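Residue numbers count from 1 along this sequence. As a basis for the values below, the full set of heavy atoms in this structure was taken, side chains included, without hydrogen atoms, waters or symmetry mates. Whatever order the structure lists them in is the order used to number ligands and atoms, beginning at 1. Because the structure is predicted, anything quoted here is derived from the model rather than measured.
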Amino acid sequence: MCLNHNENTPNPSHFEESEGNNAPAHRDIAWNEYSELIKGMRFFDPHIHMVSRTTDDYQAMYQAGIVALIEPAFWVGQPRTGLASFKDYYSSLVGWERFRSSQFGIKHYCTMGLNSREANNEPLAEQVMEILPLYAYKEGVVGIGEIGFDDQTPAEEKYYRLQLELAKKANLPVQIHTPHRDKKKGTERSMAIALEHGLDPSWVIVDHNNEETVKSVLDQGFYAAFTIYPFTKMGNERMVKVVEQYGPERIMVNSAADWGISDPLAIPKTAALMKMRGISDETIKKVTYQNAIDAFGKSGQIDVSDFEQPTESDHTAKFHGNSILRGGQQPVANKNSLLIQ
Ligand SMILES: [Zn+2]
């Protein structure tokens with residue numbers, strides 16, 4: 001099950017500090033260095049917050065072979081003050097952002113959920129839970145997420161449990177955000193609670209893993225997602241080592257790019273680095289494309305024919321009367337790039 005996994009190799013608890021290991025955690029790679037290496041590869045980013053990203057990002061992602069993505073519902077950097085803000089945000093994930101993505105040739109899916117931070121505002125969380133089912137069943141919603149723990153408070157646990165029940169009822173996979181503080185404890189607790197609620201672990205994607213958490217996540221039958229961070233935490237060099245140690249089964253890579261310093265091209269760059277390190281194309285495809293489709297495809301919402309063939313976007317298309325074009329702009333589309341003049 002875990003290819004190349006050697007039981008005798010200790011799982012380093014603090015990878016960067018491992019004795020005798022001076023390898024960098026991350027390597028930034030320029031487009032001219034990696035474009036040839038990933039030529040013809042297709043990528044699926046199962047965690048990226050496009051609402052915070054620019055049209056340049058969409059164009060670069062398309063050019064680098066990202067054909068589809070999942071945008072999880074999350075917090076927006078500051079606490080929302082009322083239910084209407086949640087409604088508008090959820091509507092944008094199934095509406096405008098989905099349309100905007102399509103205009104750049106990328107298929108957009110999302111997960112719906114109440115994030116752990118805002119679960120701590122209980123009066124508002126109660127109202128959000130009432131409207132969530134209205135969005136969970138919309139077209140393009142491939143899971144309940146990203147949910148789980150932040151500070152690991154009782155309120156976070158309460159709304160995590162309620163949303164696991166919603167996922168069961170809606171027959172949707174679950175995308176778990178694991179906390180950055182006390183990660184190991186929070187990850188174990190998230191998985192134990194999911195199992196307690198009777199979820200099939202193959203329907204649960206545990207995100208933001210590292211070398212400390214991955215073995216237990218895989219051993220218990222969950223999917224293990226890894227967020228590649230350009231400067232801190234999990235870098236692409238570390239990711240290559242994880243794949244070398246554990247193999248490709250139930251592992252997936254994502255960018256989690258959002259409003260902070262992050263890299264929407266994290267997946268193609270990691271794929272190129274894997275290729276440089278001699279990892280097979282088959283393994284690269286699993287962790288950067290196929291496993292995400294297998295996991296979130298359980299929702300019944302993903303039809304690969306929507307993105308496996310290159311499509312021409314109609315840049316004059318409109319969403320509720322609005323297009324991505326600004327006054328006087330003329331779109332020029334060809335199959336290698338999208339330009340707006
Ligand atoms: Zn996220």
Distance-only donor-acceptor check, side chains Asp151 and Thr153, under 3.5 Å: no

Identified side-chain contact (heavy atoms from CB on, under 4.5 Å) partner of Val204 from the options Ile144, Leu164, Ile176, Leu195: Ile176

Euclidean distance, Ile279 CD1 relative to Ile284 CD1, rounded to 0.5 Å: 6.5 Å

Test salt bridge (Lys or Arg N to Asp or Glu O under 4.0 Å) applied to Asp88 - qualifying residues, sequence neighbours left out: none

Donor-acceptor pairs under 3.5 Å, side chain of residues 104-114 to any protein atom, not counting sequence neighbours: which ones?
{"from": "His108", "atom 1": "NE2", "to": "Glu71", "atom 2": "OE1", "distance (Å)": "2.8"}
{"from": "Thr111", "atom 1": "OG1", "to": "Gly145", "atom 2": "O", "distance (Å)": "3.3"}
{"from": "Thr111", "atom 1": "OG1", "to": "Gln175", "atom 2": "OE1", "distance (Å)": "2.8"}

Thr54: side chain to side chain contact (heavy atoms under 4.5 Å, CB included) partners, not counting sequence neighbours: Asp56, Asp57

Under-2.8 Å neighbours of the Zn ion (ligand 1), protein N/O/S atoms only: 3

